[in-house]
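The structure under discussion appears below in the form of structure tokens.
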Amino acid sequence: MVGAGRPSRRAVLGAAATGLAGGLAGCSLRGTSAAGDGTLVQFVANSTARDSQDVINDALHEAGLSEDVFVEILAVSSSTAQQQYSQWLSAGLEQPSLLRVDNGWTIPFILRDQLANLSEEIPEVTSRIEEEFFDAGVQTATGPDGGIYGVPLFTDFGLMLYRKDLLAEAGVDAGDWATSPPTWERFSSVVAEAAEATGTDHGLTYPATVFEGLSCCIFTEFMATWGGSYFGARENLLGSVGERPITVDSQPVLDAIRMVRTFIRGSDDPHALDGYAGGVSPQAVLSWDHQTALSDFSDGNAVAHRNWPYSILRTGAEDAFGEDLGVMPIPYSVPPEEAEFDGMGGPRSALGGWHVALNPNARNREAALEVLQAISQDDFYLAMTEEFGYVPPKPALLESQAARDIDVVGRYVDTLKFAGERAVPRPVSVVWPRESPRISQRVSATFAGDRSPQAAMSALKSDLEQIEQSVPEARP
Amino acid sequence: MATDTHRGRGSEAGGSSGILTGATRRIENLSDAQFAYLLLAPMLVLMTVIAFWPLASTFWMSLHADALFGADALGRFVGLENYVALLTGEIDAELTRPFFDLSNPFTSALTVTFIFVVVSVTLETIIGFGQALVLDQDFRGRRWVRVAIILPWAVPIVIQGMLFYLLFQPGVSFLIDPLQSLGIFSATPTINSVDSTIIVIVADVWKTSAFMALLILAGLQSVDRSLYDVARVEGASTLQRFRMVTLPIVLPTVLVAMLFRTIQSARVYGLIETVSSCSTVPSLSCLVVSTFSARQYGTAAAIAFVTAAVIAILVMIYVVTYADTESGVI
């Protein structure tokens, strides 16, 4: 019987069941943020950019962006950004309108029709990018139709940082290394000598753990400076998947591995190379990423260290090593004219950096395009260099007095320009996400001495052949 | 006019009140079983939306090829080809690590998962049982011992992972050199598959033995103490009391605890990513995540279903083997 004035037990149970279900379903009211006056453009980047949203907006407005357009910056971790963007773009979301994309995974998004062709939207900007920006960087934002799908935000090149004070203490003059790096043989001897003379723990460090950075960049540099490559000539790196030669078992690649094994495992390693300083790198590099390796160098534990340009700002500041920090391109073993593959050999840096791309379904499309135009302006790039140590993607800008006047980074612009003109992109394709883990595993295994260079590279060649051959079958 | 308006509202209120009364009466007239189903209905609807539909959708995905080109997430319909390719090793090279490779058991997903499950659950059960027996005793400072044993269970997985990562990180840890000189580990254990698997197992046992101890302790405390008195009078030794009294009573609880841990262990992912990496210790869940991240959605869905099947088989082993235990808890 139902009482007149109070709910029955069953009514309470029913309400509880419904409420529980609703609660589990996450039924809640969510507020929406007010955009305020003017036009809001959402731009997804990283937490550093989000924390400097006002600085970036000021720089964009200085570079010509309308005062009534405001850029709201969202943060996504670099390690999950690719996956996150893929989900958003697959779902056809209108926001965020602009996306910060790594040069290493822009092409896969282009091939999946998930980015807008900027050559059709803002042709005056893209033609300027094609003419004035670093070629290697532009190639990584170019689709098979020749269209440009991203405005370069900043560019990165692998650089060798070293301690001038320690070399001087050891009696080595490195005056002209900024644009004329030594060979690996000479460099390894010098840093080994300096480490010993100054009591420094390590001669040379670099991140070589099992990660994307090893396959895309660190190993690419070791190979390229020996004249080797994953897929033969440089022109093969960004195309012809399934048809290009796989050259990871070629002599330059094997020699590069032997050199690194000499550095890490010492001259007693059965595959060590004569003439190269043994044990100049600690075995710990095999488990270091960029941050760990940089911290070790910043703490004064190494004479030389390979990293990206952002590390210049951290280690070259007055409260760090100041002007005792030397920066040079990556050393080499084989000059370009003697390299087995075209476009390789000599001082070669891996190409890094990020572009800004347009969501094809972007909300406030015109305002977003206006933001892209502002990003491509010199004033914006110089502001980013000053604020974050980002390297402008235009070689001419690196020659300008304005770039030289920038604190810390301005001291090294000649090296940056030199490295940028010799940068090698990673072989980005739709199958690179499958190839990269296999490469880093095989390379790490042979660096660690678990497999011989020949055995590891033969196995890698077999893996890459199988992956590359899967592509023609998948073409639409 | 005001009166009409008032009357109209009253009549609307009377109508809705009538509907409510009718509904309430109908509910009150339901049998207990019908009412139980009615209460479950919102949850069943919810489960259909958040569990069964995604499950069916994932299975449908697993029947499609991976889409390398174009905006579509999935390629053409291929039926069970993904499963066949996975189980025959045809697509091993396209995965972060092979799915199954007995010649390299520490670098293939199925064998790594199997090793992890068997070793960690066995060690956790033995250690957890030992801890529970200690906690079941009356002694001075027992509460502090309980806190010490349970404490690892309260540590978040990321902190746990970082602890063990740093413990085996060259240049940071004091353990590397002695362990290397003893020939136990290599110089860089966090990138060596064998070393890293051992570290991940140790980290899991360190944390999760407390979980086993708590469950088994609950079982131990339900044992009637007078049974021990009878056993003592009968002249049973300590070992005999354990074997004849404690174990039979606690066994169902132990089996339930082992079942929980087996299911959890078979899905290991987060601990691996924080201590080492999925590339070095490739569990089945690692393979699902890595293929999904590489936009191999069809393959990822197939591996997810195979993982679920493997877990179901492990559960069935418990169910079939121990279905006739006295209390029949499984």
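All chains are named by letter (A, B, ...) in the order of the sequence lines, taking the proteins before the strands, and each is independently numbered beginning at 1.
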Closest contact, heavy atoms only, [X] versus [Y]:
| X | Y | answer |
| --- | --- | --- |
| A/Trp288 | B/Pro170 | NE1-O, 4.0 Å |
| A/Ser444 | B/Ile191 | OG-CD1, 3.6 Å |
| B/Phe292 | A/Gln83 | CE2-NE2, 2.8 Å |
| A/Thr292 | B/Gln169 | CG2-NE2, 4.4 Å |

Evaluate the side-chain proximity of B/Arg295 to A/Pro433: yes if any heavy-atom separation is below 4.5 Å, no if none is. no
Find out whether B/Tyr297 and A/Ser86 are in side-chain contact, i.e. whether some heavy atom of one side chain is under 4.5 Å from a heavy atom of the other. yes
Measure distances from [X] to the heavy atoms of chain B and classify the residue's part below 4.5 Å as side chain, backbone, both or neither.
| X | answer |
| --- | --- |
| A/Glu435 | neither |
| A/Ser287 | both |
| A/Gln114 | side chain |
| A/Val431 | side chain |
| A/Asp450 | side chain |

Reference residue A/Arg434; test side-chain contact (heavy atoms from CB on, under 4.5 Å); the match among B/Thr291, B/Leu68, B/Thr96: B/Leu68
If we ignore angles and hydrogens, is there a donor and acceptor under 3.5 Å between the side chains of B/Ser279 and A/Gln441? yes
Please identify, among B/Thr280, B/Ile176, B/Leu95, the residue contributing the most non-hydrogen atom pairs under 4.5 Å to chain A. B/Leu95
Give the member of B/Ser293, B/Ala294, B/Ala41 that has the highest number of heavy-atom pairs under 4.5 Å with chain A. B/Ser293
Within 6.0 angstrom of B/Phe77 CZ, more than 12 heavy atoms from elsewhere: yes
Determine whether a donor-acceptor pair (N or O, by modelled atom type, separation under 3.5 Å) exists between the side chain of B/Glu94 and the backbone of A/Asp463. no
Can you tell me how far apart CD (B/Gln180) and CD (A/Gln283) are? Round to the nearest 0.5 Å. 6.5 Å
Checking heavy atoms, do the side chain of B/Pro98, its backbone, both or neither come under 4.5 Å from chain A? both
Side chain, backbone, both or neither: which part of B/Asp72 has an atom under 4.5 Å from a heavy atom of chain A? neither
